[in-house]
Amino acid sequence: MYVFVSLLVVVSFSLVNSAANTKICSDVMWGSFITNEPYLADGMNNTAYYDRQLQRSSQIVHWYANWGDGSGDFGWNVPHYSAIAKNFTSVGNSLHHPMLTWQPWGTPFQKTTNTYSLPNIAAGNHDTYIDTWVNGIKKLNYPFYLRFAHEMDGDWYPWGQNNGNTPAQYIAAWRHIVDRFRNASVTNVQFVWCPNNSNNGGTDQALYFPGDSYVDWICLDAYAESSQYSFASTITTNCNPQNPYQRLTAISTKPMMIGEWGVKEPTGNTAGVTTKAQWYTDAANAVVTQFPRIKALVYFNQYEYVLDSTSASLNGAKVAFGSCTSIPTFTAGPTAVAGLTTSASGIGASTTASNGGTQSKALTSGTTSGTTSNVGSSSPIVSGNASSDTGNVEEAAWGVQLSFNVMLILSMISITIA
């Protein structure tokens, strides 16, 4: 009887994980940021490597552009690099879409460098520059995610809780920019409004919300400094102020994106601490069962947060989020993300690369104090030989879990016999 009951419990655990993985594939977009891509000479090779490891395409390709250096020069940089991000060869029906975090920032890259102040943006003093992006994105003719002045609730950026900025000034600047796009009838841009999950002053992020009619996605950036802190806690209890997920979803009807997130390996005494691999499984389960408004996860794949900090970590991420046979698509358009649908991914297939264009001028990069979100951050990730494993989502999830279950069941049997 003891063995029989144990068997039921373990198989039940497998069913939960398999269901979570399937829902993560079909209902939640996956995206990634990797240092300096797509600016590298070899394009998106690192992102493609991780896509193959996970057996899941990065539908959203994330990078950063500053108003005050070459990365923010639309005509010189953005069409070329967006084409690289959109068209690189990955896994299945890739459907890559660029997401630019658009930072009103100039050199030197310090939080006191307020060259592009919020009041000046709202007053139209930078419209000539803004309109280069308005007209440029309109010509791209494919969905383009624009994440303007993120983490505004913090005090580590010029547009944040410093330099005399107020929530009202932020909202005015945000609305002014959106109005410039609307007045030009730009229909392929998606505005992603993204505070941090926590800030030093305990300021309610909702104070900076421009309103549902001015955003397409609400968003949070959320990191776990160790796997002992669950993903769920990074958007609920382990925040200042607490429960940003609940507060933001209460004031908006829009889907939520986790725009930057990641987890570090546990340090110190790790006895009883959740492994990074298990953390990913728990995160996938939490998104499916506790946070249904989350419709996109854009992983910050650098520093200690890298998916492959260990082979077990990478495999855990694959089981939790990868090996997908179907992926979600969203209808693009201003002020609404209509209708979540599912399309076949075709794991054995690949998209056609079309990375034409000329190399742009070199970027001006800087170091950022108190943040890990700068276009010129650390050196690129060096990846090993890519694996081209194929498989079905349920086969991947069940394969790992059932092997574990068999060992556990055999252990129980031996204990019972003893």
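Between the NE2 atom of H126 and the OG1 atom of T132 there is a distance of 12.5 Å, given to the nearest 0.5 Å. In this structure, CE in M29 is found 14.5 Å from CD1 in I294, a value given to the nearest 0.5 Å. To the nearest 0.5 Å, atoms OH (Y170) and CG (D153) are separated by 9.5 Å. Between N301 atom CG and S58 atom OG the span is 8.5 Å, to the nearest 0.5 Å. Rounding to the nearest 0.5 Å places CD of Q205 at 7.5 Å from SG of C239. Here OG1 of T234 is found 10.5 Å from CD of E225. Values are rounded to the nearest 0.5 Å.
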message: The test is side chain to side chain contact (heavy atoms under 4.5 Å, CB included); show your working for T203 and Q161 and say whether it passes.
response: CA-CA 9 Å; T203 302; Q161 289 192 63; 3.0 Å; yes

- prompt: Please walk me through it: do Q242 and T236 pass side chain to side chain donor-acceptor pair (under 3.5 Å)?
  reply: CA-CA 6 Å; Q242 289 189 336; T236 56; over 6 Å; no

message: Set out, in order, the CA-CA distance, both residues' side-chain angles and the distance that settles side chain to side chain contact (heavy atoms under 4.5 Å, CB included) for I130 and W102, then state yes or no.
response: CA-CA 11 Å; I130 292 168; W102 198 27; 4.2 Å; yes

query: Hey, mind stepping through F33 and Y64 against ring-ring contact (aromatic ring centres under 6.0 Å, His included) and telling me if it holds?
result: CA-CA 9 Å; F33 164 78; Y64 298 80; 5.1 Å; yes

task: Show your reasoning for whether side chain to side chain contact (heavy atoms under 4.5 Å, CB included) applies to M257 and I218.
output: CA-CA 6 Å; M257 174 187 296; I218 57 174; over 6 Å; no

message: Let's go through I34 and Q302 carefully: what are the C-alpha distance in whole Å and the side-chain angles of both, what is the deciding distance for side chain to side chain contact (heavy atoms under 4.5 Å, CB included) to 0.1 Å, and is it a yes or a no?
response: CA-CA 6 Å; I34 294 182; Q302 72 169 33; over 6 Å; no

task: For the pair R180 and D127, evaluate salt bridge (Lys or Arg N to Asp or Glu O under 4.0 Å) and give the outcome as yes or no after the intermediate values.
output: CA-CA 8 Å; R180 299 299 296 180; D127 282 357; 3.4 Å; yes

- request: Assess whether side chain to side chain donor-acceptor pair (under 3.5 Å) is satisfied between N66 and D69, documenting all intermediate values.
  value: CA-CA 6 Å; N66 300 312; D69 69 10; 3.2 Å; yes

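The backbone N or O of L307 lies less than 3.5 Å from a partner atom in the side chain of S313, making a donor-acceptor pair. Counting only distance, with no hydrogens or angles, the side chain of W193 and the backbone of Y208 share a donor-acceptor pair below 3.5 Å. Judged by distance alone, the side chain of Q59 and the main-chain N or O of P328 form a donor-acceptor pair under 3.5 Å. The closest donor-acceptor contact from the side chain of S226 to the backbone of Q228 lies under 3.5 Å. Checking side-chain atoms of D216 against main-chain N and O of F191 turns up a donor-acceptor pair under 3.5 Å. Side chain of D221 to main chain of I258: no donor-acceptor pair is present (N/O by atom type, distance under 3.5 Å, no hydrogens or angles). E37 places a side-chain N or O within donor-acceptor distance of the main-chain N or O of T47, the cut-off being under 3.5 Å. Side-chain atoms of K276 come within 3.5 Å of backbone N or O of V263 as a donor-acceptor pair. A donor-acceptor pair is defined here as one N or O able to donate and one able to accept, closer than 3.5 Å; no such pair exists between the side chain of N315 and the backbone of A277. The backbone N or O of K111 lies less than 3.5 Å from a partner atom in the side chain of N162, making a donor-acceptor pair.
Summarising the geometry of P195 relative to C219, their closest heavy-atom pair is CD-O, 3.1 Å, with the distance given to 0.1 Å. The two atoms that bring R293 and T253 nearest to each other are NH2-C, 3.3 Å, heavy atoms only. The heavy-atom pair separating P266 from V273 by the smallest distance is CB-CG1, 3.7 Å. In this structure, N188 and I137 approach most closely via the heavy-atom pair ND2-O, 2.9 Å. Counting all heavy atoms, side chain and backbone alike, Y142 lies closest to A83 at OH-N, 4.0 Å. In terms of heavy atoms, C194 sits closest to R147 at SG-NH1, 3.2 Å.
Ring centroid separation for the pair W67 and W105 does not come in under the 6.0 Å cut-off. A distance below 6.0 Å separates the ring centres of W30 and F321. Annotation: Y145 is not in aromatic contact with H62 [ring centroid separation under 6.0 Å not met]. Checked against a 6.0 Å centroid threshold, the rings of H96 and F88 count as neighbours. If you look at W261 and F300, their ring centroids are not closer than 6.0 Å.
Between the side chains of Q278 and D282, at least one donor N or O sits under 3.5 Å from an acceptor N or O. A donor-acceptor pair shorter than 3.5 Å can be found between the side chains of D155 and N200. A side-chain N or O of Q190 and one of W217 form a donor-acceptor pair less than 3.5 Å apart. If you check the side chains of Y39 and N77, you find no donor sitting under 3.5 Å from an acceptor.
Around the CZ atom of F291, the shell of radius 6.0 Å holds more than 12 heavy atoms that belong to other residues, nucleotides or ligands. No more than 12 heavy atoms of other residues, nucleotides or ligands shown are found within 6.0 angstrom of CG on N141.
Counting heavy atoms from C-beta outward, L248 and M256 have side chains that approach closer than 4.5 Å. For the pair N21/I24, no side-chain contact is recorded, criterion being any heavy-atom separation below 4.5 Å from C-beta on. A 4.5 Å side-chain heavy-atom check between P241 and R247 finds at least one atom pair inside the cut-off. Counting heavy atoms from C-beta outward, L146 and F181 have side chains that approach closer than 4.5 Å. Between D308 and Y49, some side-chain heavy-atom pair lies under the 4.5 Å cut-off. Inter-residue side-chain proximity for Y157 and H150 is flagged as met; some heavy-atom pair is nearer than 4.5 Å. Here the side chains of Y129 and V134 are not in contact, with every heavy-atom distance at 4.5 Å or above. Counting heavy atoms from C-beta outward, T113 and T107 have side chains that stay 4.5 Å or more apart.
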Return a table of donor-acceptor pairs under 3.5 angstrom between the side chains of residues 114-122 and protein atoms on other chains or two or more places apart.
{"residue": "S117", "atom": "OG", "partner": "N120", "partner atom": "N", "Å": "3.3"}
{"residue": "S117", "atom": "OG", "partner": "N120", "partner atom": "ND2", "Å": "3.1"}
{"residue": "N120", "atom": "OD1", "partner": "N125", "partner atom": "ND2", "Å": "2.9"}

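Under the 4.0 Å criterion applied to side-chain N and carboxylate O atoms, D212 and K254 are not assigned as salt-bridge partners.
Partners of R175 according to the side-chain contact (heavy atoms from CB on, under 4.5 Å) rule, which considers only residues two or more places apart in sequence or in another chain, are I171, P210, Y214.
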